[in-house]
S.K.: 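Okay, handing you the structure first.
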Amino acid sequence: MNKWGAVLAGLVSAGIATPAVAEISQQSIDDFLGKLGADNQYDPSKGIDWSVLPGPFYTPELKLGLGTAVAGIYRVDPNDKTTQNSSISFTGFVSTSGALGVGLHNYTFFTDDRWRLFVDGAVAKVPTEFWGVGYDAAQGDSQKYNDNSVQLHPQLMRQIVNNLYLGVGWDFSAMNANVKNSKPGDKFSRYTDSTNPLSSGATVSLSYDSRDVITQPHHGQYISVEYSYFDPSLGSDTHFTATKMQYNYYLPLDDKRVVAFDLWGRFTHGDVPWDRLSEAGDDNRLRGYYQGRYRDNDVVSGQVEYREKLNWRHGYVLWAGVGALGSSPSNLGDNPLLPTVGVGYRFEVKPDMNIRLDLGFGRDSAGFYFQVAEAY
């Protein structure tokens, strides 16, 4: 067992030790975490109530690394006692591969949840690999490159009727791919036109959301369709479109146990840059696969996750899922499916806000992920 495994085992064992020992252990840990803001409480007088926690990870593309999660919860109107808490999280990482980066996730709810502002963004420098496009290409050799990228995706949503939201937004990404050992006939010259693609487009979305809490749902449904239009007139290098569909359902078994279902698909059309093709495998879906190895116009996936909260702040999840990719919806079934299974540990740092450690297994690869909030 590695050092981090011993730490996790110690935390879990605290929950099954004698009551006196558990109380002492939990109190001492609470005192320490309270200094980091991870006190599992929300104080609206602080404006944004922050917490900070570090954690290890290992993914096929980043290798062994250390991440730090800076998470905060807040309310636009401190007197609003009914709308769910807004949240913002920054996740920074460094790894033994030389990768480093910062990610942003923000969910803001205001005017009694009639308006929502969601923002996702990332800045990263990651040594990684490119296999090409399609399932067959992913079975062959890869070419190394350094991914220097910036991404930003803000969305503003307005409630039309109860639980139904219409949204508009922007989707921007820019990459500088520093290709190693570039030469005629290599992977990049065969599959790409540019190693410095820039994509900029407008988005429109329609979503139905009856979840009780976005960061840690216990019940409800989420249905979303988002359409993105990229064009040179909007600052993009090429013209293409992307449609993303998602359906989630949460079945509560009791106060501490939930079964969560997830169906997801992304479909692109037109002159799609290689970095904006749909990918199979990240820290939310098809966990365990090398991110970027499997990419094509279209990717679909499904997964089911069993979530259980244990005593104190502990919890765990088990999941299984499958995905497929293809150049069009009609040939998604032409290639073998991509299975995934995994187990995760949860530790609650704020009300309805978990730090998650997920160990996912894909076909011939595995990954250990450190993130904030549930995968979906």
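Just the heavy atoms: all of them, side chains too, but no hydrogens, waters or symmetry mates, feed the values below. As the structure is a prediction and not an experimental result, all values here were calculated from the model.
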S.K.: How about Phe361 and Trp319: are their ring centroids closer than 6.0 Å?
M.R.: no
S.K.: Could you list the residues that satisfy ring pair (Phe, Tyr, Trp, His ring centres under 6.0 Å) with Phe240, not counting sequence neighbours?
M.R.: Phe230
S.K.: With sequence neighbours excluded, what pairs up with His269 under the ring pair (Phe, Tyr, Trp, His ring centres under 6.0 Å) test?
M.R.: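 Counting only residues at least two positions away or on another chain, His269 forms no ring pair (Phe, Tyr, Trp, His ring centres under 6.0 Å).
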S.K.: Can you check whether Gly169's main-chain N or O pairs, donor with acceptor, with Thr203's side chain at less than 3.5 Å?
M.R.: yes
S.K.: Check whether any side-chain N or O of Gln303 sits under 3.5 Å from a backbone N or O of Arg285 as a donor-acceptor pair, and report yes or no.
M.R.: no
S.K.: As an exercise, state the distance from OG1 of Thr192 to CG of Asp186, rounded to the nearest 0.5 Å.
M.R.: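 Separation between the atoms: 8.0 Å.
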S.K.: According to a 4.5 Å side-chain heavy-atom criterion applied to Ile, Leu, Val, Met, Phe, Trp and Tyr, with indirect links allowed, do Tyr58 and Val343 form part of one hydrophobic cluster?
M.R.: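 In one cluster with Tyr58: Val343, yes.
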S.K.: So for atom CG, which belongs to Asp43, do other residues, nucleotides or ligands contribute more than 12 heavy atoms lying within a distance under 6.0 Å?
M.R.: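 Check passes, neighbour count above 12.
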S.K.: Ignoring hydrogens, what is the shortest heavy-atom contact between Asp275 and Arg295? Give both atom names and the distance.
M.R.: CA-NH1, 3.8 Å
S.K.: Would you find more than 12 non-hydrogen atoms of other residues, nucleotides or ligands less than 6.0 Å from Asp193 atom CG?
M.R.: no
S.K.: Output all residues satisfying side-chain contact (heavy atoms from CB on, under 4.5 Å) with Ser97, sequence neighbours left out; order by chain, then residue number.
M.R.: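 For Ser97 the side-chain contact (heavy atoms from CB on, under 4.5 Å) partners, ignoring immediate neighbours, are Lys63, Ser95, Ala99, Pro127.
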S.K.: Quick one: side chains of residues 114-126, donor-acceptor pairs under 3.5 Å with protein atoms, not counting sequence neighbours, listed by atom name and distance.
M.R.:
from: Arg114; atom 1: NH1; to: Thr111; atom 2: O; distance (Å): 3.4
from: Arg116; atom 1: NE; to: Asp113; atom 2: OD1; distance (Å): 2.9
from: Arg116; atom 1: NH1; to: Asp209; atom 2: OD2; distance (Å): 2.8
from: Arg116; atom 1: NH2; to: Asp113; atom 2: OD2; distance (Å): 3.0
from: Asp120; atom 1: OD1; to: His105; atom 2: ND1; distance (Å): 2.8

S.K.: Considering all heavy atoms of both residues, which atom of Thr268 and which atom of Ala242 are nearest to each other, and what is their separation?
M.R.: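 Minimum heavy-atom contact is CG2-CB, 4.0 Å.
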S.K.: Backbone N or O of Asp271 within a donor-acceptor pair of the Thr238 side chain at under 3.5 Å?
M.R.: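 Checking the backbone N and O of Asp271 against the side chain of Thr238, a donor-acceptor pair under 3.5 Å is found.
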S.K.: Using the six-membered ring wherever Trp is involved, compare the ring planes of Phe109 and Tyr107 and label them parallel, tilted or perpendicular (cut-offs 30° and 60°).
M.R.: parallel
S.K.: Among Phe188, Trp131, Tyr191, which residue meets the ring-ring contact (aromatic ring centres under 6.0 Å, His included) test with Trp274?
M.R.: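 In the set Phe188, Trp131, Tyr191, the residue that makes a ring-ring contact (aromatic ring centres under 6.0 Å, His included) with Trp274 is Phe188.
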S.K.: To the nearest 0.5 Å, how far apart are CD1 in Ile223 and OG in Ser210?
M.R.: 8.0 Å
S.K.: When rounded to the nearest 0.5 angstrom, what is the spacing between OG1 in Thr91 and CZ in Phe57?
M.R.: 9.5 Å
S.K.: For the backbone of Ser142 and the side chain of Glu129, can you confirm whether one donor and one acceptor N or O come within less than 3.5 Å of each other?
M.R.: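 Flag not set: sc Glu129 to bb Ser142 has no pair under 3.5 Å.
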S.K.: Do Asp358 and Arg346 meet the salt-bridge criterion of a basic N to acidic O distance under 4.0 Å?
M.R.: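 Yes, this pair counts.
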S.K.: Identify, with sequence neighbours excluded, every residue that meets side-chain contact (heavy atoms from CB on, under 4.5 Å) alongside Leu338.
M.R.: Tyr135, Ala280, Tyr289, Tyr294, Leu325, Arg363
S.K.: Please check if the side chain of Ser200 supplies one atom and the backbone of Leu234 the other of a donor-acceptor pair under 3.5 Å.
M.R.: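 Answer holds: yes.
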S.K.: Taking only residues at least two apart or on different chains, which pairs with a member in residues 154-163 satisfy side-chain hydrogen bond (donor to acceptor under 3.5 Å, both in side chains)?
M.R.: Gln159-Tyr165
S.K.: Between Arg257 (side chain) and Glu308 (backbone), is there a donor-acceptor pair under 3.5 Å?
M.R.: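 Side chain of Arg257 to backbone of Glu308, a donor-acceptor pair under 3.5 Å: no, none is there.
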S.K.: Using the test ring pair (Phe, Tyr, Trp, His ring centres under 6.0 Å), find all partners of Trp264 that sit at least two apart in sequence or belong to another chain.
M.R.: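 Residues passing ring pair (Phe, Tyr, Trp, His ring centres under 6.0 Å) with Trp264: none at all.
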S.K.: One pair to check against side-chain contact (heavy atoms from CB on, under 4.5 Å): Tyr227 and Phe267. What are the steps and the verdict?
M.R.: CA-CA 10 Å; Tyr227 177 80; Phe267 309 90; over 6 Å; no
S.K.: Does Asp254 CG have over 12 foreign heavy atoms under 6.0 Å away?
M.R.: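 Count over threshold, so yes.
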S.K.: Measure the NE2-CG distance between His218 and Asp255 for me, rounded to the nearest 0.5 Å.
M.R.: 9.0 Å
S.K.: Applying side-chain contact (heavy atoms from CB on, under 4.5 Å), name anything that partners Val94, two or more places apart in sequence or on another chain.
M.R.: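 Leu100.
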S.K.: What's the shortest heavy-atom distance between Met353 and Thr215, and which atoms?
M.R.: CE-CG2, 4.2 Å
S.K.: Please determine whether salt bridge (Lys or Arg N to Asp or Glu O under 4.0 Å) holds for the pair Arg287 and Glu305, giving the CA-CA distance in whole Å, both sets of side-chain angles, and the decisive distance to 0.1 Å.
M.R.: CA-CA 12 Å; Arg287 285 162 280 182; Glu305 192 167 275; 2.8 Å; yes
S.K.: List in chain and number order the residues that pass ring pair (Phe, Tyr, Trp, His ring centres under 6.0 Å) with Phe93, two or more places apart in sequence or in another chain; answer none if no residue qualifies.
M.R.: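 Testing Phe93 for ring pair (Phe, Tyr, Trp, His ring centres under 6.0 Å), a comparison that skips the adjacent residues, returns none.
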S.K.: Quick one, Thr59 with Asp283, criterion side-chain contact (heavy atoms from CB on, under 4.5 Å). Give me CA distance, side-chain angles, the key distance, then yes/no.
M.R.: CA-CA 9 Å; Thr59 66; Asp283 54 23; over 6 Å; no
S.K.: Start with the C-alpha distance between Asn178 and Tyr145, add both sets of side-chain angles, then the distance that settles side-chain contact (heavy atoms from CB on, under 4.5 Å), and finish with yes or no.
M.R.: CA-CA 5 Å; Asn178 184 3; Tyr145 72 100; 5.9 Å; no
S.K.: One pair to check against side-chain contact (heavy atoms from CB on, under 4.5 Å): Gln84 and Asp212. What are the steps and the verdict?
M.R.: CA-CA 8 Å; Gln84 62 181 292; Asp212 53 339; over 6 Å; no
S.K.: Any side-chain heavy-atom pair from Leu198 and Ser173 closer than 4.5 angstrom?
M.R.: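 The answer is no, as the side chains (C-beta and beyond) never meet within the 4.5 Å cut-off.
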S.K.: Without swapping roles, check the side chain of Lys244 against the backbone of Ser228 for a donor-acceptor pair under 3.5 Å.
M.R.: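 No.
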S.K.: What's the shortest heavy-atom distance between Glu279 and Gln291, and which atoms?
M.R.: OE1-CG, 3.4 Å
S.K.: For Phe172, does its backbone N or O pair with a side-chain atom of His153 as donor and acceptor, under 3.5 Å?
M.R.: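 No; judged by distance alone, with no hydrogens or angles, the pair does not exist.
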S.K.: Counting only N and O atoms by type, is there a donor-acceptor contact under 3.5 Å from the side chain of Arg313 to the main-chain atoms of Glu348?
M.R.: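 Judged by distance alone, yes, a pair lies under 3.5 Å.
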S.K.: Ser199 and Ser236: which non-hydrogen atoms are nearest, and at how many Å?
M.R.: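 Result for this residue pair: CA-OG, 3.5 Å.
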S.K.: For residues 64-78, tabulate all N or O donor-acceptor pairs below 3.5 Å that involve a side-chain atom, not counting sequence neighbours.
M.R.:
from: Tyr74; atom 1: OH; to: Asn106; atom 2: ND2; distance (Å): 3.0
from: Tyr74; atom 1: OH; to: Thr108; atom 2: OG1; distance (Å): 2.5
from: Arg75; atom 1: NE; to: Asp80; atom 2: O; distance (Å): 3.4
from: Arg75; atom 1: NE; to: Asn85; atom 2: OD1; distance (Å): 3.1
from: Arg75; atom 1: NH1; to: Asp80; atom 2: O; distance (Å): 2.9
from: Arg75; atom 1: NH1; to: Thr83; atom 2: O; distance (Å): 2.2
from: Arg75; atom 1: NH2; to: Thr83; atom 2: O; distance (Å): 3.0
from: Arg75; atom 1: NH2; to: Asn85; atom 2: OD1; distance (Å): 3.2
from: Asp77; atom 1: OD1; to: Asn79; atom 2: N; distance (Å): 3.0

S.K.: Quick one, Asn148 and Asn146 - any side-chain contact, counting heavy atoms below 4.5 Å?
M.R.: yes
S.K.: Under 3.5 Å, side chain of Asn297 to main-chain N/O of Ser328, donor-acceptor pair present?
M.R.: no
S.K.: For Arg276, which residues count as a salt bridge (Lys or Arg N to Asp or Glu O under 4.0 Å) partner, sequence neighbours excluded?
M.R.: Asp171
S.K.: Can you name the residues that form a side-chain contact (heavy atoms from CB on, under 4.5 Å) with Asn248, not counting sequence neighbours?
M.R.: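 Per chain and number, Asn248 pairs via side-chain contact (heavy atoms from CB on, under 4.5 Å) with Tyr222, Gln246, Tyr250, Asp262, Tyr376.
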S.K.: Please find the pair of heavy atoms, one from Pro217 and one from Arg211, that lie closest to each other, and give the distance.
M.R.: CG-CD, 4.1 Å
